[in-house]
Trainee: 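Submitted below is the structure of interest, expressed as structure tokens.
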Protein chains: 2
Amino acid sequence: MKKSSLYKGCLEPILLRLLKDNGRMYGYQMTQMVKEITKGELSITEGALYPLLHKLEEQGIVETETEMNGNRMRKYYSLTKSGKKQTSLAMEEMKAFMQSLEFIVNPKTAIG
Amino acid sequence: MKKSSLYKGCLEPILLRLLKDNGRMYGYQMTQMVKEITKGELSITEGALYPLLHKLEEQGIVETETEMNGNRMRKYYSLTKSGKKQTSLAMEEMKAFMQSLEFIVNPKTAIG
DNA sequence: TTTTATGCATAATTTTCTTATGTATTTGGA
DNA sequence: TCCAAATACATAAGAAAATTATGCATAAAA
């Protein structure tokens, strides 16, 4: 995460969301997609990304398949069955949190 | 910040927002207001709150007045002139970030 | 009367980043 | 053709920002 470096802790739910939506992705692809979706506002640093992906794999939330693209390696990540459950919970938490932030930042327009 | 402990880094903009809206507040009051506004979803821990308030004071973003309420001390914080400018910037950044999060979490309904 | 709420504060630890570095292949522009 | 940028992974050192655990003290409520 870069650009204002705000809000540590959001990287994990973001990755889970990407995997939930796209099924199977490799690390670099995630960084590019986040840049695209957010119009360059957010960019994930490799130093944050890879260690987190490894942690998620250790925890059994994601599983990997390594493939060669020409001579270059790609390590594809996808959600495990248990990972999908975790992701649903994480998404609910995230939405609740975003709603809370709305209450604080836009007390008038926020719908609750 | 508690309850899911997500999103470190949001505490500072939240406090700035509270001070911007309410003018003058003491620490404990901030914790109670956040609980109220977010319907109990977010609660600020004292270990996070007070050191941050002290940092903001050192940086000249807030200034303090200590008052006695009966026999109990209250330390009131308010934004300095420079703090108000900083707050405006922080609010813009925060909104941009929340918009980015929306793009990721709700790609269909997010308005950009 | 003893717990809960109010009100501040700090220290140790943990979590989660940034920054810097390393390796290696491929593509594109000067 | 050569060098920079992009692609693709990885890890280590350090910083930032929390949590958790204390501590002190007064007031209200059970």
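Since this is a predicted model, take the numbers as computed values, not measurements. Chain letters run A, B, ... following the sequence lines, proteins first, then strands; residues in each count from 1.
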Trainee: A:E58 has an atom CD; how far is it from atom P of D:dT11, in whole Å?
Mentor: 10 Å
Trainee: Give me the one residue out of B:V62, B:L79, B:L49 that meets side-chain contact (heavy atoms from CB on, under 4.5 Å) with B:L15.
Mentor: B:L49
Trainee: Counting side-chain heavy atoms from C-beta on, which of D:dT11, C:dT14, C:dA9 comes nearest to A:H54?
Mentor: D:dT11
Trainee: Between A:R24 and A:E67, does any side-chain N to carboxylate O distance fall below 4.0 Å?
Mentor: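 A:E67 and A:R24: salt-bridged.
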Trainee: What integer distance in Å separates B:I44:CD1 from C:dC8:P?
Mentor: 12 Å
Trainee: How many whole angstroms separate atom CG of A:L53 from atom P of D:dA10?
Mentor: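 The distance from CG of A:L53 to P of D:dA10 comes to 8 Å, rounded to the nearest Å.
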Trainee: Over all strands shown, is B:Q29 touching base, sugar-phosphate only, or nothing at heavy-atom distances under 4.0 angstrom?
Mentor: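 The answer is nothing, as B:Q29 stays clear of every strand by at least 4.0 Å.
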Trainee: Using a heavy-atom distance cut-off of less than 4.0 Å, which residues of residues 66-79 of chain B contact DNA chain D?
Mentor: B:N71, B:R72
Trainee: For B:S82 and B:G60, which heavy atoms make the closest approach, and how far apart are they?
Mentor: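 Between these two residues, the closest heavy atoms are OG-O, 3.9 Å.
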Trainee: When you measure from the side chain of B:L11, which nucleotide among D:dA16, D:dA18, C:dG7 comes out closest?
Mentor: D:dA18
Trainee: Is the shortest distance from a Lys or Arg side-chain nitrogen in A:K35 or A:E41 to a carboxylate oxygen in the other one below 4.0 Å?
Mentor: no
Trainee: To the nearest Å, give me how far apart CG (B:L52) and C1' (D:dA16) are.
Mentor: 11 Å
Trainee: Over how many whole Å does the gap from A:Q32 atom CD to D:dC9 atom C1' extend?
Mentor: 14 Å
Trainee: Is a donor-acceptor pair below 3.5 Å formed from side chain A:K8 to base D:dA16, judging by atom type as modelled?
Mentor: yes
Trainee: Would you call B:K75 and B:E65 a salt bridge, using N to O less than 4.0 angstrom?
Mentor: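 Salt bridge: no.
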Trainee: Round to the nearest Å and state the distance from A:Y26 atom OH to D:dA10 atom C1'.
Mentor: 17 Å
Trainee: About how many Å separate OG1 of B:T80 and CG of B:L19, when rounded to the nearest 0.5 Å?
Mentor: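 Going from CG on B:L19 over to OG1 on B:T80, the span is 10.5 Å.
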Trainee: Send over the distance from A:L56 CG to C:dT15 C1', rounded to a whole Å.
Mentor: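 Checked: the CG to C1' distance equals 14 Å.
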Trainee: Which pair of heavy atoms, one from B:V34 and one from B:L42, lies closest together, and at what distance?
Mentor: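 Looks like CG1-O, 3.7 Å.
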Trainee: Of the candidate nucleotides D:dC9, C:dT14, D:dA15, which contains the atom at the shortest distance from the side chain of A:Y50?
Mentor: D:dC9
Trainee: Select base, sugar-phosphate, or nothing to describe what B:G27 touches, counting heavy atoms under 4.0 Å on all strands.
Mentor: sugar-phosphate
Trainee: Rounding to an integer number of Å, can you tell me how far B:M33 CE sits from C:dG7 P?
Mentor: 13 Å
